[in-house]
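Below is one structure, written out as structure tokens, with a few remarks after it.
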Amino acid sequence: MKLRHETAENVVVSEKYAGTRRINLMKFQMTSLEKKWVLYDVGNSAFTMLVATILPIYFNGLAGAAGISDVNYLAYWGYATSICTLLVAILGPTLGAVADLKDFKKIIFSVTMGIGVLGCVALGFISSWIWFLGVFILAKTGYSASLVFYDAMLTDVTEPDRMDRVSSSGYAWGYIGSCIPFVACLGVVLGAGSLGLTTQTAMLIAFIITAVWWLCSSLPLLGAYRQKYYSEIGKHPVSDSLKRLGHTFKELAQDKNILIFLLAFFFYIDGVYTVIDMATAYGEALGLDTTGLLLALLVTQIVAFPSVLIFGRLVKKVTPERIITICICAYLFISIYAYFLDSQMDFWILAVLVGMFQGTIQALSRSYFAKIIPAEKSGEYFGIYDICGKGASVVGTALVSFISQLSGSVNLGVSALSVMFVIGLILFRYSVKVNKQAA
């Protein structure tokens, strides 16, 4: 097994980075490999944008044609998203343990990414709402699983003291980069009539644009990435990987430093991902104007770009812990504000607020975790991280769906997420205290 040596070389930045830091501490320049890693965020974010905007609206049309009510439409969309996250929560740690074997991380990453890309294209050929949900689950599961291994690559592509900035750059450029294919898709879908296209044909073109953008943005990373930290392949790679995963869970139970952070992350990121997954579906259920919803979410991406970069610069002065705390508090306010949302302007305000904090809380949580785990087990740990992250949103989406159906109010369903942020905030502040004591 190739281990990460706890020597001065882990504390001192590597020689190829040292010159840049000595010349100008305020100037941050990414290496070629770091840029290619960031580029995948640009590619996969196009699918994220599609899922958060046009896709729920198109599904609403399919469901409406089949006589599905607005409340049930929101619930079915939430349940489908919950199934995706549940599948990734099961697959993530298992495949992550296998991915930690030498040269396996890129292979599994490629397969899951490919499933997502092919699923994205297949969505354009389906007109039945129930089959559409089935293929959506397949595509989104592939997408989410690819992110487990993409996140785990962070320990291989950069140095510990650069992780906050590199991770933030990934989210920042992902937000602004996703706007390019999204604007193209939006033009085709909204202008379908004037272009002489049916809605289904326009959506097929949108799915193909997104898939091609995603695939092309992945190729540079696939060509340049080399797994730096890994476990040697034994005679029984799968069973050995599962045994290592079992040992990792035992270690995690005893490592209070990591465990409490993961518990905190489970709750606060739950609400974040639920907001991302259900924002457009929420606006549709309220009967808000479709074009206005899409433009508002485009503004979210534009606002997120500078916000993540600004917080990324502040992290050295303010510390990641304080910035994450600020973001959790902001999301708590957002979830409470959602209860009173009843107009297009309210949704625009909500979109801007989400854009200010969404990327930052994701980026700094990812880099914070990458710095406190063993690098040679990054696949396993990020598989567990994904359970507490995207896998946790199964609780959030199910909670919103259940409360919405029970009360008949989508506003009350979304505002129920405030409970998740309160618990997450308390646990995170406690984890910070534990980390200081451990240090």
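Scope of the values below: all heavy atoms of this structure, side chains included, with no hydrogens, waters or symmetry mates. Since we're looking at a predicted model, the values are computed, not measured. Numbering of residues begins at 1 and proceeds along the displayed sequence.
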How close do [X] and [Y] get, heavy atom to heavy atom, and via which atoms?
{"X": "L221", "Y": "W37", "answer": "CD1-CA, 3.9 Å"}
{"X": "R313", "Y": "R165", "answer": "CG-NH2, 4.1 Å"}
{"X": "S144", "Y": "V88", "answer": "CB-CG2, 3.6 Å"}
{"X": "E34", "Y": "V157", "answer": "CG-O, 3.5 Å"}
{"X": "A152", "Y": "F382", "answer": "CA-CD1, 3.5 Å"}
{"X": "T141", "Y": "C84", "answer": "OG1-CA, 3.7 Å"}

Please name all residues satisfying side chain to side chain donor-acceptor pair (under 3.5 Å) with [X], sequence neighbours left out, ordered by chain then number.
{"X": "S45", "answer": "none"}
{"X": "S168", "answer": "none"}
{"X": "R322", "answer": "none"}
{"X": "Y79", "answer": "Q405"}

In Å and rounded to the nearest 0.5 Å, what is the [atom1] to [atom2] distance from [X] to [Y]?
{"X": "T81", "Y": "Y76", "atom1": "OG1", "atom2": "OH", "value": "14.5 Å"}
{"X": "I423", "Y": "D270", "atom1": "CD1", "atom2": "CG", "value": "9.5 Å"}
{"X": "L39", "Y": "S218", "atom1": "CG", "atom2": "OG", "value": "8.0 Å"}
{"X": "L50", "Y": "I54", "atom1": "CG", "atom2": "CD1", "value": "5.5 Å"}
{"X": "T201", "Y": "M203", "atom1": "OG1", "atom2": "CE", "value": "11.5 Å"}
{"X": "F136", "Y": "I83", "atom1": "CZ", "atom2": "CD1", "value": "10.5 Å"}

Report yes or no: does [X] contribute a side-chain atom to a donor-acceptor pair with the main-chain N or O of [Y] at less than 3.5 Å?
{"X": "S167", "Y": "D164", "result": "no"}
{"X": "S307", "Y": "V303", "result": "yes"}
{"X": "Q358", "Y": "G355", "result": "no"}
{"X": "T319", "Y": "V315", "result": "no"}
{"X": "D156", "Y": "K228", "result": "yes"}
{"X": "T300", "Y": "A351", "result": "yes"}

For S335, which residues count as a side-chain contact (heavy atoms from CB on, under 4.5 Å) partner, sequence neighbours excluded?
L332, L417, S418, F421
List for me each residue that meets side-chain contact (heavy atoms from CB on, under 4.5 Å) alongside L425, sequence neighbours excluded, and say none if there are none.
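By the side-chain contact (heavy atoms from CB on, under 4.5 Å) rule, L425 matches T325, I328, C329, R429.
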Please table the atom pairs, donor to acceptor, closer than 3.5 Å between any side-chain atom in residues 177-184 and protein atoms at least two apart or in another chain.
residue, atom, partner, partner atom, Å
S178, OG, G174, O, 3.2
S178, OG, Y175, O, 2.8
S178, OG, Q301, NE2, 2.9

Taking the side chain as everything from C-beta on, heavy atoms only, tell me whether [X] gets closer than 4.5 Å to [Y].
{"X": "L154", "Y": "R366", "result": "yes"}
{"X": "I269", "Y": "F265", "result": "yes"}
{"X": "I258", "Y": "Y381", "result": "yes"}
{"X": "F357", "Y": "V272", "result": "no"}
{"X": "F369", "Y": "L262", "result": "yes"}

Would you mind listing every side-chain hydrogen bond (donor to acceptor under 3.5 Å, both in side chains) that reaches into residues 106-115, with sequence neighbours excluded?
none
Would you indicate whether F402, at its atom CZ, is surrounded by more than 12 heavy atoms from other residues, nucleotides or ligands within a distance under 6.0 Å?
no
Side chains of Y385 and S365: do they bring a donor and an acceptor to under 3.5 Å?
no
For F109 and V148, what are the C-alpha separation, side-chain angles and deciding distance, and is it a side-chain contact (heavy atoms from CB on, under 4.5 Å)?
CA-CA 8 Å; F109 167 75; V148 174; over 6 Å; no
Check the angle between the aromatic planes of F428 and Y268 and answer parallel, tilted or perpendicular using the 30° and 60° thresholds.
perpendicular
Kindly indicate, with the supporting measurements, whether the criterion side-chain contact (heavy atoms from CB on, under 4.5 Å) is fulfilled by F59 and L123.
CA-CA 11 Å; F59 173 67; L123 286 170; over 6 Å; no
Side-chain donor/acceptor pairs under 3.5 Å, residues 205-215, sequence neighbours excluded:
residue, atom, partner, partner atom, Å
T210, OG1, A206, O, 3.0
W213, NE1, V42, O, 3.2
W214, NE1, Y40, OH, 3.1

Can K36 and D41 be counted as an ion pair, charged N to O under 4.0 angstrom?
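Not counted as a salt bridge, because no side-chain N and carboxylate O are separated by less than 4.0 Å.
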Can a salt bridge be assigned to the pair K371 and E321 using a cut-off of 4.0 Å between side-chain N and carboxylate O?
no
Residue list, ring pair (Phe, Tyr, Trp, His ring centres under 6.0 Å) with W173, at least two apart or on another chain:
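Once residues adjacent in sequence are excluded, the partners of W173 under the ring pair (Phe, Tyr, Trp, His ring centres under 6.0 Å) criterion are F305.
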Test: salt bridge (Lys or Arg N to Asp or Glu O under 4.0 Å). Region: residues 178-192. Which pairs qualify, not counting sequence neighbours?
none
Would you tabulate the side-chain donor-acceptor contacts of residues 113-121 under 3.5 Å, counting partners in other chains and residues two or more places apart, or write 'none'?
none

